[in-house]
Structure formats: C-alpha cells, structure tokens
Amino acid sequence: MPIQPIRMPAAVDAGVTGPRAASDVDFSKKIGDAVQSVSNAEGRADAIATDLATGGSTNVHELMLATTKASLQMDLMVQVRNRAVEAYQEIMRMPL
C-alpha cells in the first residue's frame, strides 16, 4: 500500500505570504452572515409563535424547534463574541 504525498494548498505552493494567504475569507462578512442567520431564525420563531397564537396550522413542536434553534444560535454567537473580546484583551496586554 503506497503512502500518498501531502498536498499543500495553492497559496502555499505559489509562495503567497501575508494574513490572507491561506484563504480569502473575510472575517467581517462571516460575522455579518452569522448575525443575519440569528436574526432570521428569531424572525422565523416569532412568525411561528404568531401563527400558533392566532390559530394557524402550526404545531407546538414546530414552535419549540424554532425557538430552540434560535436560542442555540444566539448562545453560539455570544460565545464567539466572548472569545473575540478575550483575544483582543490578551493582545492588548502584550508588552511592546
């Protein structure tokens, strides 16, 4: 059984350096997308709750799933924010 060689990403092969060499992912865009996703999940849960309260065809379990999903997404976003703040504070404590 032959051993397969390790393949390096194209950015490393080309000798590209700098903070965006590994990927061209924009961190602020990812955070914005996450905030929008949480907002959409909360809006969906609110719409389902309204539909259930007004006698619509929504079931209680659909409401529970939507509210739990929105809650978990919010908890995750808060934890990411906390880690980012901790990282910033740690960087600010570094001596120059």
Scan residues 33-42 for pairs that pass side chain to side chain donor-acceptor pair (under 3.5 Å), counting only residues two or more places apart or in two chains.
-> K29-D33, Q36-N40
In this structure, CZ of R81 is separated from CD1 of I31 (nearest 0.5 Å) by 11.5 Å
Are V78 and V38 connected in a single hydrophobic cluster, I mean Ile/Leu/Val/Met/Phe/Trp/Tyr linked by side-chain heavy atoms less than 4.5 Å apart?
-> yes
Atom pair CD/CD of Q79 and E86 - distance to nearest 0.5 Å = 8.5 Å
Less than 3.5 Å apart, which donor and acceptor atoms pair up between the side chains of residues 54-69 and the rest of the protein, not counting sequence neighbours?
from, atom 1, to, atom 2, distance (Å)
T54, OG1, T50, O, 2.9
T54, OG1, D51, O, 3.2
T58, OG1, D51, OD2, 2.2
T67, OG1, L63, O, 3.0
T67, OG1, M64, O, 3.1
T68, OG1, M64, O, 2.7

What is the distance from atom CG of N82 to atom CE of M77, rounded to the nearest 0.5 Å?
-> 11.0 Å
Kindly determine whether R93 and Q89 satisfy side chain to side chain contact (heavy atoms under 4.5 Å, CB included), including the steps that lead there.
-> CA-CA 6 Å; R93 284 191 291 264; Q89 289 172 344; 3.9 Å; yes
